[in-house]
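No experiment lies behind these values; they were computed from the predicted model shown. Order of the sequence lines fixes the chain letters, A, B, ..., with proteins taken first and strands second; residue numbering starts at 1 for each chain. Just the heavy atoms: all of them, side chains too, but no hydrogens, waters or symmetry mates, feed the values below.
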Number of protein chains: 2
Amino acid sequence: MTEIATRVYNHTWKIDPIVRSVLDTDFYKLLMGQMIFRRHRDVNVTFGIHNRTSRVRVADIVDEGALREQLDHVRTLSLSRGESTWLRGNMFYGKRQMFSPDYVAWLENFRFPAYHLEKRDGQYELTFEGPWLETTMWEVPALAIINELRSRAVLKDLGKFELQILYARAMTRVWEKIEFIKSLGPVNLADFGTRRRHGFLWQDWCVQALREGLGATFLGTSNCLIAMQREVEATGTNAHELPMVYAALADSDAALAQAPYQVLEDWQQDYDGNLRIILPDTYGTTGFLAHAPDWVAGWTGMRIDSKDNIEGGEEAIAWWQSRGQDPTQKLIIFSDGLDADEVARINTRFRGRARLGFGWGTLLTNDFRGLAPDGVLDPISIVCKVISANGRPTVKLSDNPTKAMGPPDQLERYRRVFEVGAQAERRVLV
Amino acid sequence: MTEIATRVYNHTWKIDPIVRSVLDTDFYKLLMGQMIFRRHRDVNVTFGIHNRTSRVRVADIVDEGALREQLDHVRTLSLSRGESTWLRGNMFYGKRQMFSPDYVAWLENFRFPAYHLEKRDGQYELTFEGPWLETTMWEVPALAIINELRSRAVLKDLGKFELQILYARAMTRVWEKIEFIKSLGPVNLADFGTRRRHGFLWQDWCVQALREGLGATFLGTSNCLIAMQREVEATGTNAHELPMVYAALADSDAALAQAPYQVLEDWQQDYDGNLRIILPDTYGTTGFLAHAPDWVAGWTGMRIDSKDNIEGGEEAIAWWQSRGQDPTQKLIIFSDGLDADEVARINTRFRGRARLGFGWGTLLTNDFRGLAPDGVLDPISIVCKVISANGRPTVKLSDNPTKAMGPPDQLERYRRVFEVGAQAERRVLV
């Protein structure tokens, strides 16, 4: 029973596409996309790739032709009928019709816009310029493609059994982490690992392993395609690009200071419940919380992303208490540099003091550390960020200056406006 | 591209057969079979299963109906045309036509004879009575079936991912052993793991892993079917059943004392070169070597099977020297309780002092120790031995009294005839 047809079919592909669907992206891109669709269709932005792990010369590893082929393939994609049906008919965060018919109609006609690619100093400069609504869609597939091409470049030289053992070891590692997390008692956890994944099939495997291993405490995946195909929840809320663009568009320092809260005001017109999660760190968490209007404290929860997780959690709880809120009713989502031991550390500290959720990313879907010689499969800290909006540079301060971005004069201005003093540097693991 | 046909085809099997070919057996069964075919077609024997790991109540684990189905399936097998062609045309041990046309013709018509099965004290009494030529063929498939049914009984309760991780761990373990052995320098090694294998597919995987991992120093597999399908060497020589039957048929103590040498006299009429491997331990190695005629010292090598491997190797070397032979030209084959560390220990001791060969069995193809709770997948020491010949009980003394078998009065007689004194007990691992 040789599967002749399957084999012949597979060999007719000119390439082995990494991203095969518009929905092979993170759920928050669609939530943010709808918000942009409703309010900011006229805004033009530029997104750009940045590899923080500069010692890994990605452009020396990943062939430019292969990269172009993958990016070009993405530009041929469009939403399929079944995918559209899922977006229209599926329940997200307990709610039907999360996406309005006009936004889904727009998405049906959406095609990925052009990209600009060149090599510089062993890295790729990959940028996307155009309407925010369109370019924002590139973030996740562009990152997933670069990461998977890097994996493939290493794997192509391995023997059949070396490959099998590589995956056997990686699977065992993920499973042991899951068993460890299970041993902690109920821990609500979702996969946030699309952008930095080792590969699509690997992320798909990880999601299924989490589902079998954790059962009811597995919250779902940020990946829309996998959520649809595996029939699990799609998870995610919003990202730094919203305050970064709002801030860049502000016409005065006073408007700049208000921009992060303006994001939340707009957001809560569109989304409620567990989607009202504050991401406070874009221009420093402490200042953000100090100046936040009281209605912000009424939101469901907060995501800790660039502060030490314990510190960030304590600060959130203290702030809610200072605003007369009951932290045990609040949801804290941890999503920065998580691995099983860090989940345990956080869980031990905060269990019972707040509702906890964990968005486990790179070290779930790309923990191949040490599995290939010289760490050539170790994950890298690569991001795709908005770098300008309507011609003005965007700025991020973050709680960790290692993650800051923007031109020096603007960084100085933002630090002044947001009253950000000295910050502790923390090594960015992934 | 769903493989509908494959799926439908697979579902038409009433059972999932473990042994699917007459050749799914060890090569030495055919070499011995041909010798029996030429000289002992009138001898009737009984083979019987014995589980030395009596704490594992196999009959409580393996369903009797399932066992009967598998044994009955073996009785439907016959040599296929391609298999027959392989036996006739393939080169074995560097020689064409190892098997004479009349023996292959006999094998083409061979069907497995009846079996007798009952439960006693949590164990199966499984015996095969009839012509030696036929019943000897049951040894390996009977053992492989019981071992694999035991595996399946455990595995059927595992989830899909638990199963995947189980095999991921087992694969990683095998591969790490292979990498370790490779690090020792050139080590000639063959798979001897058919009878005690975890399962057929697993043995097949192990053989392929050895081939990729070891390259030229991988000598082949004892399993004829896998040797044929994977195009590797079929390996093996002879076993205790030959001296045991010859001894049982001896009509006097004097004839009994000569029986083990009579085996070798017959064997060397049929086989030469690397097939002339002495198996000296059936009635005690020391006495066997002391009384061996000089021509026995002219044989190519010796297999160490029930003595401590270092002790056995030293004894072989000293004996060859005492007979004026050059040990560096001799081949010592180690096949008892081997694992990677034991291979290293032996190799360190004897490298350069003799040619070395390793027949790696149970701990290659069934090292699932600790991979399931309570060690339910740990291998057991189960054997299928000839227990009588022409109505007379057979006896084995071995170098390790734990492995001795036979009625007490006969054990006493054999010990007297073969001048076997006190022996050190060694725990039988596998």
Does CG in A/Asp374 sit with more than 12 non-hydrogen atoms of other residues, nucleotides or ligands closer than 6.0 Å?
-> no
Heavy-atom distance under 4.5 Å to chain B: side chain of A/Glu162, backbone, both or neither?
-> both
If you check every heavy atom in residues 169-176 of chain A against those of chain B, which residues fall under 4.5 Å?
-> A/Arg169, A/Met171, A/Thr172, A/Trp175, A/Glu176
Does anything in residues 202-227 of chain B get under 4.5 Å of chain A by heavy atoms, and if so which residues?
-> B/Trp205, B/Gln208, B/Ala209, B/Glu212
